[in-house]
Protein chains: 2
Amino acid sequence: MGQAIETVRELKHVVVREHVRSLVQGAAPGTPAPSERELVSQFGVARMTVRQALDALVVEGLLERMPGRGTFVARPRRSRAQVASFTEAVARRGHLAESTTLLARTEQAGPGVARALEIESGDTVVHWKRIRRAGGETVCLQDAYFDAAVLPHLLEGPLPESLYAVLAERGLRPTWSEDSIQADLAKPDERDHLEITDSEPTPVLRVSRRALCGDLVVEVSRAVYRTDRFTLHLQLGTGR
Amino acid sequence: MGQAIETVRELKHVVVREHVRSLVQGAAPGTPAPSERELVSQFGVARMTVRQALDALVVEGLLERMPGRGTFVARPRRSRAQVASFTEAVARRGHLAESTTLLARTEQAGPGVARALEIESGDTVVHWKRIRRAGGETVCLQDAYFDAAVLPHLLEGPLPESLYAVLAERGLRPTWSEDSIQADLAKPDERDHLEITDSEPTPVLRVSRRALCGDLVVEVSRAVYRTDRFTLHLQLGTGR
DNA sequence: TAGTGGTCTAGACCACGAA
DNA sequence: TCGTGGTCTAGACCACTAA
């Protein structure tokens with residue numbers, strides 16, 4: 001699609017599309033959009049051009065066609081499965097996410113981390129180890145790694161709470177993640193960090209994540225969750 | 001989209017689309033597809049019709065247009081996050097999924113199941129309890145519930161291995177799921193069913209799922225996984 | 001220069017839904 | 001019956017790429 005040209009020459013189907021979009025913004029689902037033939041006479045364009053404009057909005061999920069009836073504002077789709085960060089997952093539960101950094105430094109990537117990040121063994125990576133809290137309670141011990149070349153200077157200032165927020169600012173918000181999830185018993189050092197005081201063996205969740213933005217691996221992490229304080233909620237699928 | 005008509009009258013753009021799809025199936029990424037004008041003369045249709053056919057394949061992610069160069073087989077996109085059934089998850093690991101039904105009957109929905117299925121308490125539901133195996137090994141104990149009105153007659157014949165396959169046949173393939181995941185220790189009866197012989201407390205994964213097709217809840221389930229034999233692999237996000 | 005996809009026209013007939 | 005979206009035609013000019 002000649003997207004780059006849009007800002008230079010106003011293509012007709014773009015003009016129609018944006019006009020309809022502005023009409024439809026904020027309208028209640030079910031509100032009828034102008035009919036195709038209406039737009040044809042209004043803009044003096046061919047019907048195929050109008051259809052091209054409306055097709056784009058239908059694909060976007062803004063409009064819905066109903067053969068024989070018309071075109072209408074679609075009811076908002078179920079949001080697509082998002083890759084949520086810990087901070088966001090906690091916020092969704094109405095709590096504040098906090099963390100204590102145990103370690104934040106650059107390292108030479110070992111073979112495992114390098115393979116997961118799709119970089120060369122020995123390349124410089126940032127290793128960030130944190131205890132993470134939700135609403136004041138310790139729930140998670142996390143080791144995160146990312147390519148130092150992807151997020152340079154992160155370690156120079158004060159560390160952020162949310163890595164994903166920083167990634168988002170740089171246009172690298174993860175759009176895809178591959179998670180592996182297992183149950184296990186907490187190991188002694190994990191019990192300490194997670195403030196587990198049971199005398200019994202305590203089950204924990206282990207979550208390995210590879211987070212990608214497009215084809216770029218932006219983070220790999222391993223996390224241990226106190227399952228008594230944190231249930232993993234995941235949404236999968238395409239919403240339709 | 002007049003999808004229902006496709007099988008009745010062979011729409012021209014569908015004919016062209018499926019012809020191109022068959023040419024392109026299995027071709028290496030970068031392989032050129034026939035040019036639009038080639039298809040025009042080959043099928044004796046208008047170019048807009050050919051474009052409609054190719055547009056569909058581009059949206060599907062099968063083809064890629066390169067202005068001035070041509071249309072090519074796209075490198076496979078990261079598949080969108082799918083709601084995978086147990087059967088599919090096991091198949092992806094290269095194993096055969098099997099199961100033993102412990103219970104399969106209709107019940108009156110209790111308040112919890114009714115709320116999860118978005119039906120009335122007391123409505124008839126099917127309760128299906130199974131031990132599930134991957135490559136011959138017992139990995140999961142699952143209780144599934146679904147609205148008897150959504151899948152009538154399921155209990156009348158031999159039970160299928162994959163519920164999702166049955167749902168797919170009826171156009172009810174889940175497109176969305178909400179999973180809650182916790183770690184826990186196996187309870188005595190679960191140890192029996194899962195053939196756990198450790199003398200130690202054994203961690204297991206508990207997964208609750210609500211699976212939807214559009215806005216219809218088609219299944220709710222609770223499953224207990226032997227985490228030593230089965231790691232949950234999940235893909236999240238939109239792929240791009 | 002020749003071929004490609006991107007855009008656009010000015011019509012047409014059809015099936016379907018609502019009145 | 002009339003208006004809707006779905007399909008389809010037979011052309012056209014453009015910008016871009018590659019030879």
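Reckoned from all heavy atoms, side chains included, excluding hydrogens, waters and symmetry mates. Chain naming here is simple, since letters A, B, ... match the order of the sequence lines and numbering starts at 1 in each.
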Less than 4.0 angstrom from a charged side-chain N to a carboxylate O is my criterion; do B:Arg133 and B:Glu161 meet it?
no
Pair A:Thr49, A:His13: side-chain N/O donor-acceptor within cut-off below 3.5 Å
no
What's the verdict on side chain to side chain contact (heavy atoms under 4.5 Å, CB included) for B:His233 and B:Arg92, showing C-alpha distance, side-chain angles and the deciding distance?
CA-CA 10 Å; B:His233 292 290; B:Arg92 204 169 296 167; over 6 Å; no
Value in whole Å for how far the C1' atom of C:dC16 lies from CZ of A:Arg65
15 Å
Just how far is it from atom CZ of A:Arg37 to atom CZ of A:Arg47, taken to the nearest 0.5 Å?
4.0 Å
The side chain of B:Leu11 lies closest to which of these nucleotides: C:dG5, D:dC8, D:dG5?
D:dC8
Taking atom P of C:dC14 as reference, at what distance in whole Å does atom NZ of B:Lys12 sit?
13 Å
Please state how far atom CD in A:Glu64 lies from atom P in D:dG6, giving the value in whole angstrom units.
12 Å
Do A:Arg47 side-chain and C:dG11 base share a donor-acceptor contact under 3.5 Å?
no
Answer with yes or no whether the side chains of A:Glu107 and A:Tyr145 bring together a donor and an acceptor at under 3.5 Å.
no
Report the distance from atom CE of B:Met48 to atom P of C:dA12, rounded to the nearest whole Å.
18 Å
Taking atom C1' of D:dT4 as reference, at what distance in whole Å does atom CG of A:Leu54 sit?
12 Å
Neighbour count above 12 (heavy atom, 6.0 Å) for A:Glu120 CD
no
Between protein and nucleic acid, restricted to nucleotides 17-19 of chain C and to nitrogen or oxygen atoms under 3.5 Å apart, what atom pairs and distances do you find?
none

Would you check, one step at a time, whether the test side chain to side chain contact (heavy atoms under 4.5 Å, CB included) holds for A:Thr31 with A:Val24?
CA-CA 8 Å; A:Thr31 306; A:Val24 148; over 6 Å; no
Please state how far atom CG in B:Asp55 lies from atom C1' in C:dG5, giving the value in whole angstrom units.
11 Å
Test item: B:Gln142 and B:Val207 side chains (from C-beta on) under 4.5 Å apart, heavy atoms:
no
Tell me whether the side-chain N/O atoms of B:Arg51 come closer than 4.0 Å to OP1 or OP2 in C:dG5.
no
Ignoring backbone atoms, test whether A:Thr71 places a side-chain nitrogen or oxygen under 4.0 Å from the OP1 or OP2 oxygen of D:dG5.
yes
Nearest-Å distance, CD (A:Gln52) to C1' (D:dT7)?
16 Å
Of all the nucleotides listed (D:dC8, C:dT9, D:dG6), which has the minimum atom distance to the side chain of A:Arg37?
D:dG6
Quick one: which of C:dT7, C:dG5, D:dG5 gets closest to the side chain of B:Ser35?
C:dG5
Side-chain N or O of B:Thr49 less than 4.0 angstrom from OP1 or OP2 on D:dT9?
yes
Rounding to the nearest 10°, end axes of the helix from C:dT1-D:dA18 to C:dA18-D:dT1 built from five pairs each make an angle of 10°
Pairing of B:Arg69 and B:Glu64 as salt bridge, 4.0 angstrom limit:
no
Report the distance from atom CD of A:Glu36 to atom C1' of D:dG3, rounded to the nearest whole Å.
12 Å
Is any side-chain N of the basic residue among B:Arg173 and B:Glu88 closer than 4.0 Å to the acidic one's carboxylate O?
yes
